[in-house]
Amino acid sequence: MAVGPPIDDLHFAMEPSVDEVPGPNSRRLLDRQAEIDSSAVAYPKRIPIALEEARGATVRDVDGNTFLDFFAGIGVLNVGHSNPYVLEGTQDQLESVAHTVDFPTEARLDLIDKLREIAPGGLAGSSNVVFGGPSGSDAIEGSIKLAKHNTGRHGLLGFEGSYHGTTAGALSLTAGKKYKKGYGPLLADTVHVPYPTRNAGVGSQDACERCLDAVKRKFEAPYGGHETPAGIWVEPIQGEGGVIVPPNGFLQGLRDIADDNDAMLIVDEIQTGLGRTGEWFATDHFDVTPDAITMAKALGGTGLPIGAMLYHEKFDTWGPGGHVGTFRGNAPAMVGGLRAIEYIESHDLLAHATELGGYLRDRIAEVAETTPEIVDVRGKGLFVGVEFEDADGNPDADIVKAIQEYCYENGVLVWSAGRHGNVLRLIPPLVLTHEQAEFGMDVLCEGVRATTEDSH
């Protein structure tokens with residue numbers, strides 16, 4: 001028997017309904033925010049909307065406009081906004097006990113058991129879980145400590161195009177210079193090597209081999225220039241980098257290099273985990289067992305903050321207090337995570353994400369046949385990227401911004417990604433219905449046509 005309501009019953013509507021955007025109430029709150037909130041606020045500058053309610057794959061602003069959400073809080077709301085089955089559990093837990101540090105609770109242990117069950121490859125049933133701070137950045141910090149502690153080395157190896165967070169260690173691994181500007185030295189002996197991309201100048205398998213050779217040199221070349229890394233940190237599919245799906249063999253190559261050099265392979269599943277790509281973890285697409293995976297975002301079930309790391313039990317060499325964080329016992333978030341997994345299982349949302357993601361990519365591919373500005377359509381499951389270039393073959397972020405604005409004005413929320421901001425990124429909740437997908441893609445495809453025709 002399925003838990004919770006069917007996905008068709010989760011939403012305000014099957015199609016968007018917008019009048020004036022931004023409406024007067026949104027403008028009032030946006031103006032108020034501009035006066036008193038931090039200058040670091042980013043999203044409302046691109047999508048001027050003030051939120052009031054959200055259900056499933058729909059968002060309603062303070063003026064009553066209803067949007068289809070193809071963004072899901074940067075991949076946080078995999079089972080949708082305000083999923084009743086998740087909310088029921090989190091509310092019950094909140095009324096019982098919320099802040100538990102690392103004392104045992106049913107919520108904590110049940111979530112750990114479930115994560116051990118769905119863990120990729122050889123981690124299933126042979127792993128432990130540690131909760132630290134409430135974000136993905138915190139999970140990455142924990143993984144850095146784990147790798148250093150178990151190898152006795154201090155170097156870190158990440159990839160160009162990567163995003164792992166913005167705390168000091170996570171920011172050291174993050175490749176984007178814009179995130180680091182003005183913050184001075186970060187962790188020493190952190191190196192970045194190429195990640196195999198479409199435009200690497202060579203075929204994908206050749207690019208894969210060249211990138212793996214670059215990784216291997218950092219470990220084994222006597223004049224590689226840096227300390228031998230303690231571990232390799234990699235996104236199985238790069239998110240902020242542009243929804244980059246690596247060639248088959250890339251993750252296995254990293255696994256082999258890590259094994260040959262007594263290093264840890266840490267896979268960042270913060271954005272791709274818990275069903276986003278049509279598998280529990282994107283690593284599952286490549287049949288590779290990492291030593292550790294980091295997660296957050298969708299782990300809280302309904303947007304509650306929680307970060308965690310799952311790692312092979314042989315690396316559980318910490319003593320008491322070896323990794324801590326005040327909010328490592330957010331019991332409502334743990335219930336939320338467990339119930340979200342149960343909802344995904346009960347409604348077969350992994351298969352749904354696979355099928356619906358294929359539909360989204362097929363719709364865009366049809367438009368791409370007559371739109372030379374679209375140079376690639378890619379992704380796995382409901383993790384979709386569409387890359388744009390201008391007539392001279394240069395990355396075109398302006399087209400993406402214009403499409404994003406068109407979609408917003410017509411009731412669909414989408415976002416961008418990519419090293420140059422020229423990738424349209426679609427990451428809707430896994431509970432998006434076929435009807436909503438059709439309406440949303442009608443708007444998006446018309447936005448692509450209108451925008452590119454205007455640029456000709």
Side-chain angles (χ1 to χ4, degrees), residues 38 40-51 54 56-59 67-83 86 133-140 161-167 170-171 173-176 178-179 235-244 268-277 281-282 293-308 333 336-337 340 353 357 360 379-386 397 400-401 403-404 407-408 412-419 421 423-432 440 444:
S38 168
V41 166
Y43 288 100
K45 291 181 171 61
R46 291 277 292 274
I47 299 293
I49 179 177
L51 305 179
T58 51
V59 170
F67 300 83
L68 292 180
D69 183 3
F70 277 48
F71 184 51
I74 330 180
V76 166
L77 299 155
N78 283 9
V79 295
H81 296 270
S82 306
N83 185 297
V86 178
S135 73
S137 294
D138 295 307
I140 292 292
S162 65
Y163 182 87
H164 296 287
T166 56
T167 52
L171 187 56
L173 286 164
T174 292
K178 65 181 180 180
Y179 301 109
E235 295 163 272
I237 300 173
Q238 284 195 343
E240 297 295 325
V243 193
I244 306 294
D268 181 341
E269 295 267 12
I270 292 165
Q271 190 165 152
T272 52
L274 299 165
R276 168 57 48 195
T277 68
F281 296 97
I293 60 175
T294 56
M295 63 191 90
K297 289 190 183 290
L299 183 60
T302 188
L304 296 178
I306 183 173
L360 300 187
K380 296 280 189 182
L382 287 172
F383 198 44
V384 179
V386 188
V400 172
K401 290 178 182 178
I403 294 169
Q404 184 183 39
C407 288
Y408 156 70
V412 180
L413 304 181
V414 299
W415 205 254
S416 61
R419 303 180 190 194
V423 176
L424 190 69
R425 179 171 41 162
L426 309 179
I427 44 175
L430 308 186
V431 298
L432 185 78
L444 189 148

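Because the structure is a prediction, the values reported are computed rather than measured. These values consider heavy atoms only, across backbone and side chains, with no hydrogens, waters or symmetry-generated copies.
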A.B. asks: What closest approach, in Å, do E269 and T272 show between heavy atoms, and which atom pair accounts for it?
C.D. replies: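 Answer, listing the atom of E269 first, then T272: OE1-OG1, 2.6 Å.
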A.B. asks: Over all heavy atoms of both residues, which pair between A57 and V431 is shortest? Give the atoms and the distance, please.
C.D. replies: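 Of all heavy-atom pairs spanning A57 and V431, the closest is N-CG2, 4.5 Å.
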A.B. asks: State which residues pass side-chain contact (heavy atoms from CB on, under 4.5 Å) with A308; sequence neighbours excluded, sorted by chain then number.
C.D. replies: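 Checked A308 against side-chain contact (heavy atoms from CB on, under 4.5 Å); matches are V129, F131, M295, L299.
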A.B. asks: State whether the side chain of R425 and the backbone N or O of V414 hold a donor-acceptor pair below 3.5 Å, judged by distance alone.
C.D. replies: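 Pair absent, no side-chain N/O of R425 close to backbone of V414.
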A.B. asks: What verdict does the side chain to side chain contact (heavy atoms under 4.5 Å, CB included) test give for E240 and T174, after you've listed the backbone C-alpha separation in whole Å, the side-chain angles of each residue and the deciding distance to 0.1 Å?
C.D. replies: CA-CA 10 Å; E240 297 295 325; T174 292; over 6 Å; no
A.B. asks: Output the distance between atom CG (D268) and atom CD1 (I237), rounded to the nearest 0.5 Å.
C.D. replies: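 Result: 12.0 Å between the selected atoms.
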A.B. asks: Can you list the steps and then say if I47 with W415 is a side chain to side chain contact (heavy atoms under 4.5 Å, CB included)?
C.D. replies: CA-CA 9 Å; I47 299 293; W415 205 254; 3.2 Å; yes
A.B. asks: Working to the nearest 0.5 angstrom, can you tell me the gap between N78 CG and L432 CG?
C.D. replies: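 Going from the CG atom of N78 to the CG atom of L432 covers 12.0 Å.
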A.B. asks: Residues two or more places apart in sequence or in another chain: which of them pass side-chain contact (heavy atoms from CB on, under 4.5 Å) with D138?
C.D. replies: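 For D138 the side-chain contact (heavy atoms from CB on, under 4.5 Å) partners, ignoring immediate neighbours, are P134, S135.
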A.B. asks: Please identify each residue that fulfils side-chain contact (heavy atoms from CB on, under 4.5 Å) with S162, with sequence neighbours left out.
C.D. replies: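 Testing S162 for side-chain contact (heavy atoms from CB on, under 4.5 Å), a comparison that skips the adjacent residues, returns H164, A175, H192, E235, Q238.
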A.B. asks: Over all heavy atoms of both residues, which pair between D69 and P429 is shortest? Give the atoms and the distance, please.
C.D. replies: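 Looks like O-CD, 3.2 Å.
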A.B. asks: Using 30° and 60° as the class limits, which term best fits the ring planes of Y408 and F67: parallel, tilted or perpendicular?
C.D. replies: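 Taking F67 first and then Y408, their aromatic rings lie parallel (interplane angle under 30°).
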A.B. asks: Looking only at heavy atoms, what is the nearest atom pair of F70 and V412, with distance?
C.D. replies: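 Where F70 meets V412 most closely, the heavy atoms are CD1-CG1, 4.0 Å.
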A.B. asks: Any side-chain heavy-atom pair from T58 and L68 closer than 4.5 angstrom?
C.D. replies: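 SC-SC contact between T58 and L68 confirmed.
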A.B. asks: For I140, run the side-chain contact (heavy atoms from CB on, under 4.5 Å) check against L173, T167, T166 and tell me which one passes.
C.D. replies: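 Considering L173, T167, T166, a side-chain contact (heavy atoms from CB on, under 4.5 Å) with I140 is found only for L173.
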A.B. asks: Work out which heavy atom in V243 is nearest to a heavy atom in F383; give both atom names and the distance.
C.D. replies: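 Smallest interatomic distance, heavy atoms only, reads CG1-O, 3.6 Å.
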A.B. asks: Where is the tightest heavy-atom contact between G421 and S416, given as atom of each residue plus distance?
C.D. replies: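 So the minimum-distance heavy-atom pair works out to O-CB, 4.2 Å.
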